[in-house]
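The next block holds one structure in the form of structure tokens; read it before the comments.
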Protein chains: 2
Amino acid sequence: MSIKAKITPGHSNTLNKELVILAAIKLADESGINGLSMRKLGRELGVEAMALYYHLKNKSQLIEEMIDHIHGEIEIPFDAPNWRAFMQRRARSALDVVARHPWAAGLMESGVNPGPATLKDSDTMIQCFREAGFSIAMTVHAVTVLNIYIYGAAQQYAKLPFTTTEQAAEVSEAIKRQFPMGTYPYLGEIITQHMIKSGYSAVDEFDFGLKLILDGIALLERE
Amino acid sequence: MSIKAKITPGHSNTLNKELVILAAIKLADESGINGLSMRKLGRELGVEAMALYYHLKNKSQLIEEMIDHIHGEIEIPFDAPNWRAFMQRRARSALDVVARHPWAAGLMESGVNPGPATLKDSDTMIQCFREAGFSIAMTVHAVTVLNIYIYGAAQQYAKLPFTTTEQAAEVSEAIKRQFPMGTYPYLGEIITQHMIKSGYSAVDEFDFGLKLILDGIALLERE
DNA sequence: ACCTGAACACCGTTCAAGT
DNA sequence: ACCTGAACACCGTTCAAGT
């Protein structure tokens, strides 16, 4: 055993898959998915890019692992009193997770090669609906519409060029200035009357749509 | 005027923005968004990559223009008898468009720099709801939930590793073989009882969710 | 007006070689 | 077992120069 290993006990000073994945997520959080390169990631880890290929097959596999890790950050609210509370909390958690890792928005739910965290999340959602008395067919419908909505919303949310309602108003005005008055009268009305005057909140919109969908699912309960 | 110009009247033999965009879409359709490079695109057009920079600012702008063009392919059913028929037909058309251009799925609705086709589409959707008597606030809710659902579904649909129900069954079995029996019991049940036995159809799932959302929107009509 | 050649600063990945 | 150096075949983009 080397002296180095004795100096840092319990902390491996050599690389491993997990460390690479965590560093890759950190790098992507900071500089986006296009800012993530094997060479930069190596630099960040104090190693040449080629070293990464000892721990991972290639960049695709790295990204798959990153996505499954992110998926594992979504809260699974086992203690929720009913399916509706469960799905509501899970949805909010998923939106939070994507807000922290915007680059991941378009990559989740790819359908190909789901990792353990992804599979566990699906399994738990299904369990929740089944135990609430939903049939298999209705469970599939419910899970599908919820996931489409949540990941769709997360993706649009991640791409929003604003976060506060003030910024929303500014951006709306900028868009409106780009086209001559009257070209898009209905859109123009929405922007002036709604986006700028009253406060537009992307999160409120998300919640409204989620409620609409949960109400719809409630009607499937005994079908 | 050159002889060449006389030989091909009405057909410019030099490049222009529109030709570049169309060729780029064709190339992306064939080889995905990662297969689209300025150098390959130049080759396809019989020109050096650098020539493209005379017609477009950079690759980002090219992609923005491609997306707006794709957006223009979505049918706007002016002759629909009511808002519901309008939204149903538009949704189906959007799904078809993304099926033809899977690489575009994750890039539509980016919110930044919407092009004329994108703005026109929004304007028409808003007009449809407003003329049906929806308030401004309810129109925003309805358009938001519909777009999130449609583009979310399009994205998942574009990424599906299967198209027919037979392929769906095969892929489901492959996924199931990857994990030890009983690890994900509820997911396992869905796969064996539903995905493999009865036929799973992604399009049917899309329609089910769309109906659920349209039913929900109908309840907002006089709010 | 429209295109090219050369150049720059990057990529992902392989593979033999080093310790 | 774990990492590196050199190499290959790519990228996007700028800019002076060509016609």
Side-chain angles (χ1 to χ4, degrees), chain A residues 1-28 30-67 103 107 112-113, chain B residues 1-28 30-67 103 107 112-113:
Chain A
M1 187 189 272
S2 79
I3 290 172
K4 261 193 173 172
K6 273 191 179 165
I7 289 172
T8 57
H11 170 277
S12 161
N13 51 0
T14 66
L15 228 46
N16 61 51
K17 211 164 144 176
E18 188 67 12
L19 281 177
V20 174
I21 293 163
L22 291 177
I25 290 172
K26 187 157 165 280
L27 185 53
E30 286 161 7
S31 33
I33 196 71
N34 289 331
L36 170 69
S37 78
M38 300 302 269
R39 291 166 131 104
K40 275 196 219 160
L41 181 54
R43 218 171 297 148
E44 213 74 34
L45 289 161
V47 107
E48 297 298 319
M50 306 81 198
L52 304 174
Y53 288 85
Y54 182 80
H55 302 280
L56 292 152
K57 213 168 117 269
N58 51 33
K59 195 179 177 180
S60 294
Q61 202 213 322
L62 171 61
I63 291 176
E64 272 175 28
E65 301 266 11
M66 290 164 72
I67 291 299
W103 53 270
L107 303 170
V112 262
N113 302 334
Chain B
M1 188 189 273
S2 79
I3 290 172
K4 259 193 173 174
K6 274 190 181 165
I7 289 172
T8 57
H11 171 275
S12 159
N13 51 1
T14 65
L15 228 46
N16 61 51
K17 210 165 145 176
E18 188 68 11
L19 282 177
V20 174
I21 293 164
L22 291 177
I25 290 172
K26 189 157 165 278
L27 185 54
E30 287 160 9
S31 33
I33 196 72
N34 288 331
L36 170 69
S37 77
M38 301 301 269
R39 290 167 131 103
K40 275 196 218 160
L41 182 54
R43 219 171 295 146
E44 213 75 33
L45 289 162
V47 105
E48 297 298 319
M50 305 81 199
L52 305 173
Y53 289 86
Y54 182 78
H55 302 280
L56 292 152
K57 211 167 119 272
N58 51 32
K59 196 179 177 181
S60 294
Q61 202 213 323
L62 171 61
I63 291 177
E64 272 176 28
E65 300 265 10
M66 290 165 71
I67 292 299
W103 54 270
L107 303 170
V112 260
N113 301 335

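Proteins come first, then strands; the chains are lettered A, B, ... in the order of their sequence lines, and each starts at number 1.
- D:dC11 atom C1' lies 11 Å from atom CZ of B:Arg43, rounded to whole Å.
- For A:Met50 and C:dC11, the CE to C1' distance is 11 Å, given to the nearest whole Å.
- Listed candidates were D:dC11, C:dC11, C:dT13. Nearest to the side chain of A:Asn58 is C:dT13.
- Across every non-hydrogen atom of B:Asn58 and B:Tyr53, the tightest pair is CA-CE2, 4.0 Å.
- Checking the phosphate oxygens (OP1, OP2) of D:dC3, no side-chain nitrogen or oxygen of A:Tyr54 falls inside 4.0 Å.
- With a cut-off of 3.5 Å on both pairing distances, the Watson-Crick or G-U wobble partner of C:dG12 is D:dC8.
- Using a 4.5 Å heavy-atom threshold, the side chains of B:Leu41 and B:Leu62 count as touching.
- Whole-Å rounding puts the B:Lys59 NZ to C:dC11 P distance at 15 Å.
- Across all strands shown, the partner of C:dT19 is D:dA1, judged by Watson-Crick or G-U wobble contacts whose two distances both fall under 3.5 Å.
- The side chain of A:Thr14 approaches D:dC2 more closely than any other nucleotide in the set D:dC2, D:dC11, C:dC11.
- Protein atom CD of B:Gln61 is 11 Å distant from nucleotide atom P of D:dT13, rounded to whole Å.
- D:dA9 atom P lies 15 Å from atom NZ of B:Lys40, rounded to whole Å.
- Spacing between atom CG of A:Leu52 and atom C1' of C:dT13 amounts to 12 Å, rounded to whole angstrom units.
- Counting only distance, with no hydrogens or angles, the side chain of A:Lys40 and the backbone of A:Gly35 share a donor-acceptor pair below 3.5 Å.
- In this structure, A:Glu48 and A:Arg39 both approach DNA chain D, and ranking their closest nucleotides by distance from the 5' end singles out A:Glu48.
- Residue contacts for A:Met38: at a heavy-atom cut-off of 4.0 Å it reaches the sugar-phosphate backbone alone, with no base atom in range.
- Distances shorter than 4.0 Å separate some side-chain N or O of A:His55 from OP1 or OP2 on D:dC3.
- Ion pair B:Lys26/B:Glu30 flagged as a salt bridge, since at least one NZ, NE, NH1 or NH2 atom sits closer than 4.0 Å to an Asp/Glu carboxylate oxygen.
- Taking atom CG of B:Leu36 as the reference point, atom P of D:dC10 lies 16 Å away to the nearest angstrom.
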